[in-house]
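Heads up: the structure comes next, in structure tokens.
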Amino acid sequence: MAGAATALRLALALLAGGLAFAAPVALLPGVALLLLIAGCSAWVRVGAAGLSGERIGVPRQVDEGEGFQVTIAGRSGWLPLAGRIEDEAIDAPAPIRLTRPRGGFSLGLAGSAPRRGRHDLAPPALRIGDPFGIASRRVPLGAGTSILVLPRVEPLGGPSGADGPAVGRRMRGLGELAAGGERESATDPELDGVRPYRPGTRATRIYWPSLARGTELAERHLIAAGESAPLIALDPSDPDSEDDLDRAVRATASLMAHLARIGGCELLIAGARRRFRVGRDPRALMGARAALAVVGSSDGAPRLAAADRRSMVVWVAAAPVPRPPEGLSRGFVVVPRRLAGWPAAFTAAGCVGHEIGAARVRGAAA
């Protein structure tokens with residue numbers, strides 16, 4: 001209503017000047033402007049009467065950075081409609097114009113997901129105005145809703161960040177991160193290379209790429225897993241910035257999704273009441289990502305059980321200086337930036353993974 005306020009001040013100034021100097025030449029425009037303001041305000045009130053609408057299509061959850069389609073549908077009031085739709089779910093206000101009263105409208109608009117987490121979206125609104133742009137009114141349409149933005153899953157990379165998904169050598173309990181999903185669960189055998197074909201081997205274990213290259217037929221060699229699934233523990237405390245925390249959460253989601261394809265893993269988050277066991281079941285993976293979406297820096301570091309310290313642990317920290325629990329002998333530390341003196345093992349969503357103990361081994365060799 002800034003235009004109406006400006007027009008009203010101008011009308012009052014004209015009336016005051018006309019009365020003070022007995023100048024009809026100022027009184028008449030002042031009165032005319034007052035009547036115009038009153039007419040425009042009445043136009044907006046009548047136009048808002050009977051106006052209705054709703055927002056359709058906002059998903060309950062969406063991946064971070066993923067777009068979606070939103071529809072704003074409704075019916076105009078008793079006058080022609082001219083205005084714009086304002087909504088938190090869309091990238092920018094959308095203009096709308098209807099030349100006939102009580103006309104229906106439906107606009108398909110591009111929506112965008114904000115930062116990860118649960119977001120409460122206010123109801124969309126239609127801001128209408130008079131033909132002269134003097135008066136305006138914001139009319140809510142429908143009800144508000146909420147959307148859960150899941151952390152983005154990105155492909156893993158090698159130490160340089162650009163040499164593919166083969167991220168480190170095979171280790172017992174962790175499995176070959178580039179094994180391509182040979183295992184259905186953490187208790188299934190792990191891939192241990194290939195060996196010459198033996199008559200009677202099942203077709204599912206034949207290594208077909210060797211036959212395609214015209215070399216000797218070979219078969220996959222599998223060994224028993226021997227121990228439990230690897231554990232991913234997220235420490236969101238004391239990040240230098242919100243971006244570092246988001247990178248750590250994305251790295252956790254990316255590692256979890258990758259390990260889920262090659263045998264499964266467990267996820268431990270500070271503040272969570274239970275551990276998440278993630279495997280081939282997509283519902284378990286989505287549940288774990290939903291828990292990661294609402295992680296905050298005030299949640300604190302997770303607590304490992306005694307048995308965890310003897311198994312394979314991937315410790316993901318939002319702080320650039322890691323503080324893994326004492327006693328971890330095998331696994332990886334993943335942080336937003338590469339650590340001096342630690343050789344990088346892999347990259348995940350902008351974070352760098354370092355093998356636990358690699359820095360000590362390197363220092364001893366020096």
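Residues: numbered from 1 along the sequence shown.
Here CG of Leu292 is found 4.0 Å from CD1 of Ile269. Values are rounded to the nearest 0.5 Å. Distance CG/Leu285 to CZ/Arg277: 16.0 Å, rounded to 0.5 Å. Note that the CD1 atom of Ile85 and the CG atom of Leu141 stand 7.0 Å from one another [nearest 0.5 Å]. Remark: Met312 CE to Leu231 CG distance equals 11.0 Å, nearest 0.5 Å. Note that CG of Asp244 and CG of Asp238 are 12.0 Å apart. Values are rounded to the nearest 0.5 Å. The line from CZ of Phe105 to CG of Leu81 is 6.5 Å long, rounded to the nearest 0.5 Å.
For Val294 against Asp299, the heavy-atom pair with the smallest separation is O-OD2, 4.4 Å.
Formation of a donor-acceptor pair under 3.5 Å by the Ser76 side chain with backbone atoms of Gly103 is found in this model. Of the possible polar contacts, one joining the Glu88 side chain to the Ala122 backbone as a donor-acceptor pair under 3.5 Å is found. Under the 3.5 Å distance criterion, the side-chain polar atoms of Arg75 are matched with a main-chain donor or acceptor of Arg102. With hydrogens and angles disregarded, a donor-acceptor distance shorter than 3.5 Å links the side chain of Ser254 to the backbone of Glu154. Judged by distance alone, the side chain of His354 and the main-chain N or O of Leu339 form a donor-acceptor pair under 3.5 Å. Judged by distance alone, the side chain of Arg289 and the main-chain N or O of Pro151 form a donor-acceptor pair under 3.5 Å.
Every salt bridge (Lys or Arg N to Asp or Glu O under 4.0 Å) that Glu242 has, sequence neighbours left out, goes to Arg115.
Cluster membership check: Val44 shares its hydrophobic cluster with Val139, using side-chain heavy-atom separations under 4.5 Å among Ile, Leu, Val, Met, Phe, Trp and Tyr. In the hydrophobic cluster analysis, where Ile, Leu, Val, Met, Phe, Trp and Tyr join through side-chain heavy atoms closer than 4.5 angstrom, Leu121 is grouped together with Leu109.
The shortest distance between side-chain heavy atoms of Leu126 and Glu86 does not fall below 4.5 Å. Between Pro80 and Pro101, the closest side-chain pair of non-hydrogen atoms falls below 4.5 Å. Side-chain contact between Arg55 and Thr145: present, with at least one pair of heavy atoms (C-beta onward) separated by less than 4.5 Å. With a 4.5 Å cut-off on side-chain heavy atoms, Val335 and Cys351 do not count as touching. When side chains are defined from C-beta on, Val334 does not count as touching Trp315, because their heavy atoms never get closer than 4.5 Å. At a threshold of 4.5 Å between non-hydrogen side-chain atoms, the residues Arg118 and Ser146 count as touching. Two residues are said to be in side-chain contact when any heavy atoms from C-beta on lie closer than 4.5 Å; Arg337 and Val352 fail this criterion. At a threshold of 4.5 Å between non-hydrogen side-chain atoms, the residues Leu34 and Leu36 do not count as touching.
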- Message: With side-chain hydrogen bond (donor to acceptor under 3.5 Å, both in side chains) as the criterion, how do Asp243 and Ser241 come out once you've worked through the C-alpha distance, each side chain's angles and the decisive distance to 0.1 Å?
- Response: CA-CA 5 Å; Asp243 289 338; Ser241 64; 4.9 Å; no

- Tell me, with the steps shown, if Thr71 and Ser106 meet side-chain contact (heavy atoms from CB on, under 4.5 Å). CA-CA 7 Å; Thr71 300; Ser106 178; 3.4 Å; yes

- Stepwise, does the side-chain contact (heavy atoms from CB on, under 4.5 Å) test hold for Trp43 with Ile134? CA-CA 10 Å; Trp43 176 283; Ile134 294 178; over 6 Å; no

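A side chain to side chain contact (heavy atoms under 4.5 Å, CB included) with Met286 holds for exactly one of Asp281, Leu150, Val278; it is Leu150.
The pair Arg116-Glu64 does not count as a salt bridge, with every side-chain nitrogen at least 4.0 angstrom from each carboxylate oxygen. At a threshold of 4.0 Å, the pair Arg152-Asp246 does not count as salt-bridged, since none of the basic side-chain nitrogens sits closer than that to a carboxylate oxygen.
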